[in-house]
Amino acid sequence: MKKHLESLIHSAIETLQGDGVLPTDLQAKILVERTRDASHGDYASNIALMTAKAAKCSPHVLAEKILAALPDSAQVAKAEIAGPGFINFTLTEATAYAVVGTVLASGEAYGRSAIGDDKPVQVEFVSANPTGPLHVGHGRGAAYGAAVADLLAAVGFKVHREYYVNDAGRQMDILAVSVWLRYLDLCGETLVFPVNGYKGDYVWDIAADLRRAHGDAYRHDAEIVLSNLPADEPEGGDKEQYIDALTQRAKELLGEAAYRQIFDAGLNSILDDIRRDLEGFGVVYEEWFSERSLTESGAVGCAIERLKEAGHLYEKGGAWWFRSSAFGDEKDRVVVRDNGQTTYFASDIAYHMQKLERGFERVIDVWGADHHGYVPRVKAALTALGDDAGRLDVLLVQFAILYRGKEKVPMSTRSGQFVTLRELRAEVGDDAARFFYVMRKCEQHMDFDLELAKSQSSDNPVYYIQYAHARVCSVLRQMAEKGLKHDEKQGLANLPKLTETHEQALLTRLSRYPEVLEAAALNHEPHQLAHCLRDLANAFHTYYNAHQFLVGDAVLRDVRLCLIRAVRQVLANGLNLLGVSAPESM
RNA sequence: GCGCCCGUAGCUCAGCUGGAUAGAGCGCCACCCUCCGGAGGUGGAAGUCAGAGGUUCGAAUCCUCUCGGGCGCGCCA
């Protein structure tokens, strides 16, 4: 409808340009908006205010001229000037009522569109290091990324959801060593666990599995393992140097194959756990992309070569540096360390280069806000490689702070006292967690109230919306119990009987849904959809309280049932896109 | 110190990319159940949009500065 009105205005503008009222090189964007106030009609355009200057006349006078040049439309009942020069449109009744039939006919497809034109878009999200279970910070990225992906799919993009598995690098080595040391402990060796090792219980579990499967195959004498190592932190040494030396020792004693087995045992165990966690959360991927595969396939080497050939790398202090400061970054970054190993950044350059080469029109990365400093260097690398960094959107998600009522839930990664996503899911449920995470726009710091998320009352927006859905179902059950039949055809044929203000309000809400969906998708703002659903639920509850649906008048009953079934459909569609269930009873 | 994000009702947040009288939920106050689920609804009070300049017909929205809060500034990932 917006587009229809915009085209009407466009045609009026062209007429005025032909008449010389407006300059032909006019560069105004025609914008039609929903009115905030029902007394302003259904839609409004500020075009006259925008272009008055170019027309060299007052907005009001220009608005009159536009109005005169506006082609007739069967869907517009009236168009009038208001305020400083707005053009307000009021739709015909038939147009307003038509939405009910449209919703019921379209069903699950209502609100979806094809504006994405099947263009391939990649959404990479979560991508947490497989060194431990996901925590509540990752949860927000998961819920947000999944919603963004689903929204884009709903408006016609071909969406590829991807998880980047950081299965290479030092952190993973530390995990492998941690597993091995716990394993040695289980074998009966006595050793002090490094300060910098991963201390979570899951490391013990992996070690225990390893021992069950392989017995003492990887056992080495503790004294040999720990001999001639630099001091760990408690002994006045450097914990980083210590853990690296320990990693080196592990590789020497175990040999490459055995080390790799322990490494993979840790990796696979944690990755499986993450995958199960996300699946339970309703988050699934088309692809789990391995960082290690980038090195093994030579992609990392290739990316480095390309940068080197283009003259964007230089050697300093034994390492190779990328001249990212020449492309807007604060300073240059190392891609190959002095020990010959490539950095995580080097992998990321290769990864993003590949993403674009894989043919995605747009590439979206969802990152935690703590990685924001990383954005310029990745874009710099793409630019240096001759790619269009503009095709990459990095969406930064702020942290969520958990509250239990008024009390802040203590969380600190340092002490390992973080709350896992699994714990959150168990406590508040998947529906509430998914909804709460996307209720706020991603750049907002979020206070996540566990008590509220758990509460089964109208205070809790997710229950409020689900309850509206369940209520419609309940009415339909009541209908059946009373032995009444619903004649949809008769209902749709008599929609003008929906004369109550509450009914009019619902019609507007329903017709708004596709617009909200489109805006939410294109702006990567699922919170818009969340708010829209709350508003719809609110309008429904108000209606429910004010009027009976199962009335004696069969025609009116059919009409009202059509309306509330349409409401139910839209609620279900919207909740589904946010990964929240739409229960028939609660 | 430099960079990014945020600052809107007592609280949690919207505000459709510069438009009409700044909105919603919670909380608070006053009401509404012989009625399809009261897990609900109606009405009301509540704001110097952090502050100061600037841009223009018009600013919560754009620019500059200041003040608060978060995060980031590794040859970690």
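The structure presented is a predicted model; accordingly, all values stated were derived computationally and were not measured. Order of the sequence lines fixes the chain letters, A, B, ..., with proteins taken first and strands second; residue numbering starts at 1 for each chain.
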Looking only at the side chain of [X] (C-beta and beyond, no hydrogens), which of the listed nucleotides [options] gets closest?
{"X": "Asp447(A)", "options": "U12(B), U17(B), G38(B)", "result": "U12(B)"}
{"X": "Met50(A)", "options": "G19(B), A14(B), A77(B)", "result": "G19(B)"}
{"X": "Glu291(A)", "options": "G19(B), A77(B), G41(B)", "result": "A77(B)"}
{"X": "His527(A)", "options": "U12(B), G72(B), G15(B)", "result": "G15(B)"}
{"X": "Glu443(A)", "options": "U42(B), C6(B), C36(B)", "result": "C6(B)"}
{"X": "Asp370(A)", "options": "G19(B), A14(B), G72(B)", "result": "G72(B)"}
{"X": "Phe86(A)", "options": "G41(B), C76(B), G19(B)", "result": "G19(B)"}
{"X": "Lys441(A)", "options": "G72(B), G41(B), G15(B)", "result": "G15(B)"}

Side chains of [X] and [Y]: do they bring a donor and an acceptor to under 3.5 Å?
{"X": "Tyr314(A)", "Y": "Arg323(A)", "answer": "no"}
{"X": "Thr90(A)", "Y": "Asp42(A)", "answer": "no"}
{"X": "Tyr463(A)", "Y": "Asp431(A)", "answer": "no"}
{"X": "Asp365(A)", "Y": "Tyr164(A)", "answer": "no"}
{"X": "Glu233(A)", "Y": "Tyr242(A)", "answer": "no"}
{"X": "Arg440(A)", "Y": "His445(A)", "answer": "no"}
{"X": "His524(A)", "Y": "Asp393(A)", "answer": "no"}

What about [X]: does its side chain form a donor-acceptor pair under 3.5 Å with the base of [N]?
{"X": "Asn545(A)", "N": "G41(B)", "answer": "no"}
{"X": "Asn88(A)", "N": "A20(B)", "answer": "yes"}
{"X": "His445(A)", "N": "C6(B)", "answer": "no"}
{"X": "His371(A)", "N": "G72(B)", "answer": "no"}

Is [N] paired to anything, Watson-Crick or G-U wobble with both distances less than 3.5 Å, and if yes, which nucleotide?
{"N": "U42(B)", "value": "A30(B)"}
{"N": "G53(B)", "value": "C63(B)"}
{"N": "C76(B)", "value": "none"}
{"N": "A24(B)", "value": "U12(B)"}

Would you say [X] reaches [N]'s phosphate, i.e. side-chain N/O to OP1/OP2 under 4.0 Å?
{"X": "Tyr543(A)", "N": "U42(B)", "value": "no"}
{"X": "Arg471(A)", "N": "G38(B)", "value": "yes"}
{"X": "Thr131(A)", "N": "A77(B)", "value": "no"}
{"X": "Lys331(A)", "N": "G74(B)", "value": "yes"}
{"X": "Gln444(A)", "N": "A14(B)", "value": "yes"}

- Classify the nucleic acid contact of Gln398(A) as base, sugar-phosphate or nothing, counting any heavy atom under 4.0 Å across all strands shown. sugar-phosphate
- Task: Verify the stacking flag for Phe399(A) against G70(B): centroid separation must be under 5.5 angstrom and the ring planes must differ by under 30 degrees.
- Result: no
- Task: Report yes or no: is the cationic atom of Arg471(A) (NZ for Lys, CZ for Arg) under 6.0 Å from the centre of the six-membered ring of Phe540(A), at an angle within 45° of the ring normal?
- Result: no
- Item | Comparing Arg34(A) and Leu396(A) on RNA chain B - which has the more 5′ nearest nucleotide | Leu396(A)
- Note on the structure: Comparing His372(A) with Ala44(A), nearest RNA chain B nucleotide closer to 5' gives the residue His372(A)
Rounded to whole Å, how long is the line connecting atom [atom1] of [X] with atom [atom2] of [N]?
{"X": "Glu330(A)", "N": "G1(B)", "atom1": "CD", "atom2": "P", "result": "16 Å"}
{"X": "Tyr374(A)", "N": "G72(B)", "atom1": "OH", "atom2": "P", "result": "16 Å"}
{"X": "Leu550(A)", "N": "C35(B)", "atom1": "CG", "atom2": "C1'", "result": "11 Å"}

- Query: Which value, in whole Å, describes the distance between the C1' atoms of nucleotides A59(B) and U17(B)?
  - Reply: 13 Å
- Is the glycosidic angle of U61(B) within 90° of 0, making it syn, or outside that range, making it anti? anti
- Glycosidic conformation of C33(B), taking syn as within 90° of 0 and anti otherwise: syn
- Note on the structure: What residues 332-344 of chain A contributes to the RNA chain B interface at heavy-atom separation below 4.0 Å is Val334(A), Arg337(A), Asp338(A), Tyr344(A)
- Query: Atom CZ of Arg140(A) and atom CZ of Phe436(A): how far apart are they, to the nearest 0.5 Å?
  - Reply: 13.0 Å
